Q: 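First the structure, then my questions, so here it is.
Computed from a predicted structure; not experimentally measured. Order of the sequence lines fixes the chain letters, A, B, ..., with proteins taken first and strands second; residue numbering starts at 1 for each chain. No hydrogens, no waters, no symmetry mates; every other heavy atom, side chains included, goes into these values.
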Amino acid sequence: MPRLSEYLLPTEREPPADAEALSHRLLVRAGLIRQVGAGLWTWLPAGWRAHQKIVQIIREEMDATGAMEMLMPVLQPAELWQRSGRYGIDELFKLSDRRDAPLVLAMTHEEVITSHAASLIRSYRDLPKVLYHFQIKERDEPRPRAGVLRTREFVMKDAYSFDCDREGLDASYARLARAYDRIFDRCGLEYYSVKADVGAMGGHGSDEYMAPCAAGENDVVLAPGYAANIEVASADPQPVVLPEAPPAPVPEHTPAMTTIDQVARHFNLPAGALLKAFPVMVEDSPGGEPLVLVVLRGDHKVNDIKLRIALGSQFRQASAAEIEARLGPPGSIGPVGAELKILLDEAVVAGGGGYVAGANRPDTHLRGVVPGRDFQFERADIRTVVAGDSIGGVTVRIEPAVEVGNIFKLGVRYSEPLGASYLDQNGSSRPIWMGSYGIGPARIAAAAVEQFADDRGISWPRTISPFDVHLVSLGKQGSAERTLADSLYEQLLSAGLETLYDEREHGAGEKFADAELLGCPLRVTIGRRTINSGEIEVQVRRGQDSRALPLEGAASAIAELWRLAA
RNA sequence: CGGGGCGUGGCGCAGCCUGGCAGCGCGCUCGCUUUGGGAGCGAGAGGUCCCGGGUUCAAAUCCCGGCGCCCCGACCA
C-alpha cells in the first residue's frame, strides 16, 4: 500500500475548464483519470484501483453463477461482422492490415463468441453454458462526452449465455439478472432495473440497469413498484376538462394559426383539449395504405419507439406534399373526414366533451370533435410520459440516469447467421438460444462519484474506493507524531485495510483537502493533537462525521468503523 | 450531422480588437521560517503562443487553409 510521497496522485485545485459533468471534474481533480483525446482516457493508479475493485465484484458474482471467464480479441476479421449483418454500423471502427485484409475493432463480441459456439458446441449435452470476459470495446461515437461516461474506448464485461431453447434462455437470463442486482448492490449504487427497448437489431427482451444522477443521458420513469426507460414507459395522463360537445363538430375560422399554442390561445383552452395530428408513412405496408394519421392530445408528444411497436413497422414523418395530397394543408389537419387509418392515443377520451381538431381545410379548425362519433379509430399507447402523469394514483418521477448495465435476450439473432447450432436428443439440428449481458465498470465508477459527491469531493462507496483508509500524518519527519503514524500505518496494513499513507511534508489544510477530494471512506489523522490527547481522529467521509478513538487498539477499531461504513 | 465556443509553461487565465522584448495566479525547484484546514519571505526553472502557408522591417496578434478539444442538439445495437 502506497506512501503518498512515492505515489502518483496528481490532484488539482481547479477542474479542467471545459469539464461539465461532476464526475468528469472530480475524477480529474482527484488525480484518477487523465485525457488522451476525445473520448480517450487513461486511468491513473488510484483510479484504476477503483475500476479494478468494480471489476473484481463483477467477476466474483459472475463466477458465482457458474459463468466462465475467458478473453477474446478486439481486432477481428470484418467477415464475421458481414455475416452477422452488423458491418454497416457507423460506430464500428473499420481498418485493414498490410495485406489489405479488412478488419474491425470490436464494439461487442457477439460475432466472435457465436463463431466459437458454432464450432465448439455440438450437442445438447454441451448446453447450457455462460462465458464472459472483460475486454476493451471500441466505438466511433458521434459525440464522446462527460469524461469517462461516454468514451470511444472502454472496458466492458460482456457475458454470453447459450441454451437449447427459449425456456433455457429465460432461466439463464433470470439467473444473470439476479447476479446483476447483487453486483450493483455490492457496488453501493442507487440503481433501477428498467424495461428497455430491444433496439433495431431485435431480440426477445431487454432490461437496463440505470443509476440516477445529474449527468445521466437517459430519462427513467419511476413510481412505487414501477421503473421504465422513458422510451417505453406508460402512465396515466393528467385529466383535461373538455368543453361540452355540440351535436356535431363546428367549424371555426382560425386564420394563419398552425401551432397548438396559437389554436389553444384562440379557443382559450388548455393544449390538452386539442387534438394533434401526426401523419406518418409506414415503411412496411405491402398493398396497403402507407399513410397513417396518428392522433394524440395537444399537450403530448409522439414516442417514436412506442409508435414503431404499435405500427409493427418502421415509419417516417409524412412530407408536406404527401399530407397535402391526402388531407389538406399542414397546420390544420385532423381526423374528421380523413379517409385513412387513424391511430388514436389512449390518453384521448371518447365522450365527456369535445376536442378542437384541424378541419383539413385552410385556416379552419373544428370544435366539439368527439372520437368515435366523428371519426373511427384504432387505439394505441403511443405518447411519451410527461411530468404530472401518474401510475396507480401516484405522480411519477422522471429522472436522468446513467445506463450502467444492459442485458438482452438475443434468441437466435446471431446463432442463425453464424451457424451456431446443436443436435438435440432426437439428433436434429437446432439453433442455440443466446443472451448477452453487458456492464461498464467505468460508468459504475462515474455514477458512484455523481451520486455521492459533496462540495468537498468524492465519497466512494467503501466497496469500490481506491483505498479503505486515508491516513494523514501531520508531523515532520522525525517527530513523535510521525513515529506514531508510521506505526499505525503498519497496524492498519496488518489489520487488512488498504491504506494510503499521506506522509508528505505539506500543510495540514492541503492534505485534508486532498483526502476529502479523493474520497476514501475513512480519514485518519495523526498530529500533535493526537500526541497531547492520546486519541486518534477518524473522519467518516460520507457525512464528514468525526470521532476520537483511543490509541490503544486503534487499528482494529478503525477496521470495525470501516465495516460499518456505507 | 446541425448550432455555439475554445486552443498561450503542469493547471486556470490575461494579452489578440489597435502588430513592436510573452505576462499573471496556482503548481514546481532551492534556502530559511511555518506546521490541525490549500502558510510566509527570498531566489529560480519552465513556453515550437495547435499546425502550415501568406502579408509585413516586425505576427501570439492581421489574412487563407488545416488539425485538435469542449458544450447544446440529433444519434447512442
Q: Quick one: on RNA chain B, does A:Val36 or A:Ala508 contact a more 5' nucleotide (nearest heavy atom)?
A: A:Ala508
Q: Using the side-chain heavy atoms of A:Arg145, tell me which of these nucleotides is nearest: B:C28, B:A74, B:C11.
A: B:A74
Q: Can you measure A:Arg504 atom CZ to B:G38 atom C1' for me and round it to whole angstrom units?
A: 11 Å
Q: Provide the Watson-Crick or G-U wobble partner of B:C69, both distances under 3.5 Å; none if there is no partner.
A: B:G5
Q: How close or far is atom C1' of B:G4 from atom CZ of A:Arg143, stated in whole angstroms?
A: 11 Å
Q: Between atom CG in A:Leu149 and atom P in B:C75, what is the gap in whole Å?
A: 19 Å
Q: When you check the gap from the basic side-chain N to the acidic O, do A:Arg139 and A:Glu141 get nearer than 4.0 Å?
A: no
Q: Hey, are A:Glu510 and A:Arg504 close enough for a salt bridge, meaning a charged N less than 4.0 Å from a carboxylate O?
A: no
Q: What distance, rounded to whole Å, do you find between the two C1' atoms, one in B:C16 and one in B:U61?
A: 4 Å
Q: Please check: side-chain N/O of A:Asn406 versus main-chain N/O of A:Asp207, any donor-acceptor pairing under 3.5 Å?
A: yes
Q: So which one's nearest nucleotide on RNA chain B is more toward 5', A:Lys511 or A:Glu505?
A: A:Glu505
Q: Less than 6.0 angstrom from the centroid, inside 45 degrees of the normal: does A:Arg462 satisfy that with respect to the ring of A:Trp562?
A: yes
Q: How is A:Arg482 classified with respect to the nucleic acid when contacts are heavy atoms under 4.0 Å: base, sugar-phosphate, or nothing?
A: nothing
Q: Would you classify A:Ala38 as touching base, sugar-phosphate or nothing, given that sugar-phosphate means primed atoms plus P, OP1 and OP2, and contacts are heavy atoms under 4.0 Å?
A: sugar-phosphate
Q: For the pair made of NE2 in A:His24 and P in B:C11, what is the distance, rounded to whole Å?
A: 13 Å
Q: Looking only at atom types and distance, does a side-chain atom of A:Trp81 sit under 3.5 Å from a main-chain N or O of A:Ala106, one as donor and one as acceptor?
A: no
Q: Select one nucleotide: of B:G37, B:G38, B:G12, the one nearest the side-chain heavy atoms of A:Arg13.
A: B:G38
Q: Could you work out the separation of B:G15 and B:G68 based on their P atoms and round it to a whole Å?
A: 27 Å
Q: Between the side chains of A:Arg86 and A:Thr108, is a donor N or O closer than 3.5 angstrom to an acceptor N or O?
A: yes
Q: Looking at the base of B:G37, is there any donor atom on it, or on the side chain of A:Glu516, that sits under 3.5 Å from an acceptor on the other one?
A: yes
Q: Heavy atoms only, 4.0 Å cut-off, all strands: where does A:Pro10 land among base, sugar-phosphate and nothing?
A: nothing
Q: May I ask which nucleotide in the shown strands pairs with B:A39, Watson-Crick or G-U wobble, both distances under 3.5 Å?
A: B:U33
Q: Say you pick atom P in B:A22 and the same atom in B:C51; how far apart are they, in whole Å?
A: 16 Å
Q: Taking only the C1' atom of each, what is the distance from B:G38 to B:G52 in whole angstrom?
A: 43 Å
Q: Using atom P of each nucleotide, how far apart are B:G31 and B:C13 to the nearest Å?
A: 33 Å
Q: How would you label the contact of A:Ala146 with the nucleic acid (heavy atoms, under 4.0 Å): base, sugar-phosphate, or nothing?
A: sugar-phosphate
Q: Check the distance between B:C11's C1' and A:Leu26's CG and give it to me in whole angstrom.
A: 16 Å
Q: Have a look at A:Glu110 and say if it touches a base, only the backbone sugar-phosphate, or nothing, with a 4.0 Å heavy-atom cut-off.
A: nothing
Q: Specify the separation, in whole Å, of atom CD of A:Glu91 and atom P of B:C1.
A: 12 Å
Q: Do the side chain of A:Arg523 and the base of B:G37 come within less than 3.5 angstrom through a donor-acceptor pair of N or O atoms?
A: yes
Q: So A:Asn406, base contact, sugar-phosphate only, or nothing? Heavy-atom distance under 4.0 Å.
A: nothing
Q: Rounded to whole Å, how long is the line connecting atom CG of A:Asp158 with atom C1' of B:A77?
A: 13 Å
Q: What does A:Ser436 touch in the nucleic acid at a heavy-atom separation under 4.0 angstrom: a base, only the sugar-phosphate, or nothing?
A: nothing
Q: Checking base pairs now: Watson-Crick or wobble, both atom distances under 3.5 Å. What partners B:A59?
A: none
Q: For A:Lys476, which contact category applies under a 4.0 Å heavy-atom criterion: base, sugar-phosphate, or nothing?
A: base
Q: Taking B:G19 as the reference, what is the distance to B:G12 when you measure between their P atoms (whole Å, please)?
A: 30 Å
Q: In Watson-Crick or G-U wobble terms, both distances under 3.5 Å, what is the partner of B:G44?
A: B:C28
Q: Rounding to a whole Å, what distance do you find between A:Arg152:CZ and B:C70:P?
A: 9 Å
Q: With a 3.5 Å cut-off and no angle check, do the side chains of A:Asp158 and A:Ser436 form a donor-acceptor pair?
A: no
Q: Just to be sure I understand the rule, does A:Gly527 reach a base, reach only the sugar-phosphate, or reach nothing, if contact means heavy atoms closer than 4.0 Å?
A: base
Q: Base, sugar-phosphate alone, or nothing: which one does A:Gly37 contact when heavy atoms must sit under 4.0 Å apart?
A: sugar-phosphate
Q: Applying the side chain to side chain donor-acceptor pair (under 3.5 Å) criterion to A:Glu516, which one of A:Lys511, A:His470, A:Arg523, A:Gln544 satisfies it?
A: A:Arg523
Q: Under 3.5 Å for both donor-acceptor distances, Watson-Crick or wobble: does B:A22 have a partner, and if so which one?
A: none
Q: Taking the same atom, C1', in B:G53 and in B:A59, what whole-Å distance lies between them?
A: 13 Å
Q: Touch check for A:Thr525, heavy atoms < 4.0 angstrom, all strands: base, sugar-phosphate only, or nothing?
A: base
Q: If you measure from the P atom in B:G37 to the same atom in B:G42, how many Å do you get, rounded?
A: 24 Å
